[in-house]
Amino acid sequence: MPPRPNPTIRQRRLGTELRRMREQAGLGGSQLGRAVGMSPAQVTQMESGRIGISVERLHTIASACNCANRPLVDALAGIIGERGRDWWESYREVLTTDFLEVAEVEAHAQEIAICTTTYIPGLLQTGTYASAVFTRIYPPLSRTEIDIRTAFRVQRQQIVRSGRTPLRTYVHEAALRMQFGGPRVLAQQLEALIEDSTQPGISVRAVPFALDTFPGSGENLTFAKGPVPELDTVQMDVSQGTIFFDSPADLAKQRAIFDRLDSTALSEDGSRDFIRSLKKEIEASYA
């Protein structure tokens, strides 16, 4: 089978974990290849996600690397066993890879935690607000491009609105006040956010300016929990696109940030009251 030209983020992650498994065992690529019947080139391609392996070969590799972490091996076997065309693939010709990879990571997460400082979390945005967010991009997008991105964002939300995937959000006051589309659009978005916060599996916690410490300030972060801690993923939104992190050090750092957020943000009830007060303030500006 020829190498994959564009492995998905999950396929690349499988390769990354296999490389870590090999390195923790102190084996070079050639050494592992000899132990499991693969050429050095095949080991390299496997670790970059460009070729797949069977579950049987995964277990052979784990044995050769003396990996006793059965939950991790089982989780990697789950990635290998994934089949079928996912909904986001229909957007492959019209959206950049960043969009597809975000949807892929979210779809396989056991739980999602989000910290935002500049906008309402995408998984809780109204269609009108999302469209306004995309309208502000420079260079400007065409109306068709804005509509496609908005439809994609709304479709991504089904994993949390269906109750399938628990969502924890920490939204800074700056994001709650940032106006995309004007005060009326923001007021409608805040009302929707309050309603979403009452739904099962959705937690909305506000972080007011008054708090003197805010870990992760200036970053929009998403922490996608995997089936085992080793397969957790961190997503950071930057102006150039989306960056994903999965090293043990990065994961530990972001877990600590979210733990601090959990201890400093307003309670869920307090957050609803705070958002209601902001909504009334915004509404008063155009009454």
Side-chain angles (χ1 to χ4, degrees), residues 102 106 112-141 146 149-150 152-154 156-157 160-161 167-199 201-223 234-243 254 257-287:
V102 167
E106 291 173 345
I112 298 172
I114 299 175
C115 164
T116 58
T117 59
T118 55
Y119 45 73
I120 304 301
L123 290 175
L124 297 178
Q125 291 179 6
T126 65
T128 304
Y129 182 96
S131 180
V133 170
F134 291 128
T135 299
R136 68 86 169 92
I137 290 176
Y138 190 85
L141 301 171
I146 292 171
R149 293 186 182 204
T150 300
F152 186 84
R153 178 159 293 180
V154 170
R156 277 174 46 212
Q157 297 174 356
V160 295
R161 297 197 183 282
L167 173 67
R168 292 184 294 124
T169 64
Y170 302 90
V171 191
H172 196 275
E173 183 176 346
L176 294 169
R177 288 184 175 275
M178 194 78 70
Q179 293 190 20
F180 294 98
R184 285 181 172 82
V185 171
L186 177 57
Q188 292 168 358
Q189 173 63 78
L190 294 180
E191 179 61 34
L193 190 62
I194 293 168
E195 173 61 27
D196 282 336
S197 73
T198 66
Q199 302 305 307
I202 297 178
S203 172
V204 177
R205 307 273 303 280
V207 184
F209 285 129
L211 289 182
D212 59 1
T213 57
F214 177 55
S217 180
E219 300 172 344
N220 296 308
L221 300 169
T222 298
F223 194 100
V234 174
Q235 167 195 329
M236 181 184 296
D237 295 333
V238 296
S239 58
Q240 294 84 359
T242 302
I243 303 173
Q254 302 308 327
I257 287 176
F258 277 97
D259 285 345
R260 288 180 61 193
L261 278 169
D262 197 58
S263 64
T264 57
L266 297 179
S267 68
E268 293 182 0
D269 286 340
S271 294
R272 276 189 284 272
D273 290 341
F274 182 75
I275 295 170
R276 285 191 189 97
S277 69
L278 293 182
K279 176 176 173 286
K280 289 179 180 178
E281 181 182 328
I282 297 298
E283 289 174 332
S285 71
Y286 61 82

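Values below: every heavy atom of this structure, side chains too, minus hydrogens, waters and symmetry copies.
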task = Take E106 and V160 through the side chain to side chain contact (heavy atoms under 4.5 Å, CB included) test and state the conclusion after the steps.
result = CA-CA 10 Å; E106 291 173 345; V160 295; over 6 Å; no
request  = Determine, stepwise, if the pair R168 / F223 fulfils side chain to side chain contact (heavy atoms under 4.5 Å, CB included).
outcome  = CA-CA 10 Å; R168 292 184 294 124; F223 194 100; over 6 Å; no
task = Quick one: pull up CD1 in I114 and CD1 in I120 and give me the separation to the nearest 0.5 Å.
result = 11.0 Å
task = Measure the spacing between OG1 of T116 and CG of L176 and express it to the nearest 0.5 Å.
result = 7.5 Å
N/O donor to acceptor pairs below 3.5 angstrom from side-chain atoms of residues 280-287, sequence neighbours left out:
unit_1	atom_1	unit_2	atom_2	d
E281	OE1	R177	NH2	3.2
E281	OE2	R177	NH1	2.8
E283	OE2	K279	NZ	2.7
S285	OG	I282	O	2.4

query = Can you tell me how far the OG1 atom of T126 sits from the CG atom of D196, to the nearest 0.5 Å?
reply = 10.0 Å
task = For a side-chain contact (heavy atoms from CB on, under 4.5 Å) with P121, tell me which candidate from V171, I112, V204, T222 qualifies.
result = V171
key: All side chain to side chain donor-acceptor pair (under 3.5 Å) counterparts of Q188, not counting sequence neighbours   = none
query = Which residues satisfy the side chain to side chain donor-acceptor pair (under 3.5 Å) test with R153, sequence neighbours excluded?
reply = Q125
ask   = Quick one: side-chain hydrogen bond (donor to acceptor under 3.5 Å, both in side chains) pairs with a partner in residues 129-139, sequence neighbours left out?
value = S131-R143
ask   = When rounded to the nearest 0.5 angstrom, what distance separates SG in C115 from CG in N220?
value = 7.0 Å
request  = Determine whether L124 and L167 make a side-chain contact, defined as any pair of heavy atoms from C-beta on separated by less than 4.5 Å.
outcome  = yes
query = Between OG1 of T198 and CG of L193, what distance do you get to the nearest 0.5 Å?
reply = 10.5 Å
ask   = Taking side chain as C-beta onward, heavy atoms only, is E173 less than 4.5 Å from L278?
value = yes
query = What residues form a side-chain contact (heavy atoms from CB on, under 4.5 Å) with E268, not counting sequence neighbours?
reply = S203, R205, R272
Nearest-0.5 Å distance, OG1 of residue T118 to CE of residue M178 = 6.0 Å
ask   = Can you find a heavy atom in the side chain of I257 that is under 4.5 Å from one in the side chain of Q254?
value = yes
pair F258-L221: side-chain heavy atoms closer than 4.5 Å = yes
ask   = Who pairs with D237 by side chain to side chain donor-acceptor pair (under 3.5 Å), at least two apart in sequence or on another chain?
value = Y119, Q235
